[in-house]
Amino acid sequence: MALPTHLQLQIVAADKSLVNETVDEVEIPGADGYFGVLPGHTPLLALLGAGEMWYRRGADVQHLAIAFGFAEVQPDAVTILAQIAERADEIDVARAEAAKRRAEERLAKPTLDMDFERARLSLLKSLIRLQVATRARIRA
């Protein structure tokens, strides 16, 4: 049996479907680190971490910020179910920078009733958004 030559990539966030495309390669931020997927990959189910995801079709590379959820990999398909997923061109840089500042201020001056993990995750998500948005601006 011949190996597939492409992957059908589907990315669904809590509030919308972002991607349904045929692609050549995908890199995904798993909970235990990044992993790449090419056509013919061994099937697996992985927890998503928070990070930058990219996919490639020919020479065209698209970047997304994603956080938490699941990735299902089949030899000919990748399905991402993420709590948060944003295309690079959808990211509001000013909002992400403001969120970063707020999280940094909270973490710098902790209070007894502060939810440290929530502040840490807020900082992480804002940094990922800024990284992905910056990549899109550099390529444009």
Side-chain angles (χ1 to χ4, degrees):
M1 184 174 195
L3 286 176
T5 57
H6 298 288
L7 296 163
Q8 186 62 36
L9 174 63
Q10 191 166 17
I11 302 173
V12 179
D15 56 347
K16 63 187 173 231
S17 176
L18 273 89
V19 175
N20 190 1
E21 295 183 32
T22 301
V23 302
D24 298 319
E25 181 180 11
V26 180
E27 185 174 88
I28 302 166
D32 294 324
Y34 283 81
F35 62 95
V37 180
L38 295 168
H41 197 287
T42 302
L44 69 92
L45 184 63
L47 282 173
L48 295 175
E52 177 180 1
M53 176 187 168
W54 60 262
Y55 63 91
R56 180 182 62 79
R57 184 171 58 198
D60 181 44
V61 178
Q62 297 294 319
H63 296 265
L64 295 96
I66 67 170
F68 314 115
F70 299 93
E72 180 188 20
V73 176
Q74 295 293 325
D76 62 349
V78 174
T79 303
I80 304 288
L81 303 173
Q83 287 181 10
I84 299 167
E86 292 176 283
R87 291 178 176 274
D89 58 1
E90 295 174 343
I91 294 171
D92 181 338
V93 173
R95 189 171 147 241
E97 286 173 344
K100 175 181 174 276
R101 278 192 303 277
R102 281 193 309 273
E104 286 172 337
E105 288 166 7
R106 267 188 247 127
L107 290 169
K109 298 176 186 155
T111 60
L112 288 175
D113 61 342
M114 184 181 96
D115 184 342
F116 183 83
E117 186 63 10
R118 184 173 171 205
R120 189 188 71 78
L121 288 174
S122 179
L123 178 60
L124 177 64
K125 289 186 283 189
S126 64
L127 290 171
I128 292 163
R129 285 181 173 115
L130 291 169
Q131 177 181 328
V132 170
T134 300
R135 283 200 202 282
R137 285 199 308 267
I138 290 170
R139 288 186 29 241

Between His63, Glu25, Glu27, which is the residue that forms a side chain to side chain donor-acceptor pair (under 3.5 Å) with Trp54? Glu27
Would you say [Y] ends up clustered with [X] if hydrophobic residues are merged whenever their side chains have heavy atoms under 4.5 Å apart, either directly or through other cluster members?
X: Ile66; Y: Ile91; value: no
X: Leu64; Y: Phe35; value: yes
X: Val37; Y: Val61; value: no

Would you list the atom pairs, donor with acceptor, under 3.5 Å between side chains in residues 10-18 and any protein atom, with sequence neighbours excluded?
none

So how far is it from [X] [atom1] to [Y] [atom2], rounded to the nearest 0.5 Å?
X: Asp32; Y: Leu47; atom1: CG; atom2: CG; result: 8.0 Å
X: Leu48; Y: Leu81; atom1: CG; atom2: CG; result: 8.0 Å
X: Arg129; Y: Glu86; atom1: CZ; atom2: CD; result: 4.0 Å
X: Asp115; Y: Arg106; atom1: CG; atom2: CZ; result: 9.5 Å
X: Gln8; Y: Asn20; atom1: CD; atom2: CG; result: 5.0 Å

So, the side chain of Arg56 versus the backbone of Gly58: is there a donor-acceptor pair under 3.5 Å, distance only? yes
Side-chain donor/acceptor of Ser122 to backbone N/O of Arg118, under 3.5 Å: no
What I'd like to find out is whether the side chain of Ile80 reaches to under 4.5 Å of the side chain of Met53, using heavy atoms alone. yes
Kindly indicate whether the side chain of Val93, heavy atoms from C-beta on, has any atom under 4.5 Å from the side chain of Leu130. yes
Determine, stepwise, if the pair Val78 / Ile28 fulfils side chain to side chain contact (heavy atoms under 4.5 Å, CB included). CA-CA 10 Å; Val78 174; Ile28 302 166; 3.9 Å; yes
Where is the tightest heavy-atom contact between [X] and [Y], given as atom of each residue plus distance?
X: Ala77; Y: Leu7; answer: N-CD2, 3.8 Å
X: Val73; Y: Thr42; answer: CG1-O, 4.0 Å
X: Pro4; Y: Pro75; answer: CG-O, 3.2 Å

Suppose we screen for salt bridge (Lys or Arg N to Asp or Glu O under 4.0 Å). Which residues come up paired with Glu72, at least two apart in sequence or across chains? none
Salt bridge (Lys or Arg N to Asp or Glu O under 4.0 Å) filter on Lys125, not counting sequence neighbours, yields none
Excluding sequence neighbours, so at least two apart, what forms side chain to side chain contact (heavy atoms under 4.5 Å, CB included) with Arg57? Glu21, Asp24
For Leu127, all residues meeting side chain to side chain contact (heavy atoms under 4.5 Å, CB included), sequence neighbours excluded: Lys100, Leu123
Quick test of your reading of the model: are Glu117 and Arg120 salt-bridged, counting only N-O distances below 4.0 Å? yes
Looking at Tyr34, I want to see if its OH is surrounded by more than 12 non-hydrogen atoms of other residues, nucleotides or ligands under 6.0 Å. yes
Who else is in Ile84's hydrophobic cluster (ILVMFWY, side-chain heavy atoms under 4.5 Å, direct or via others)? none
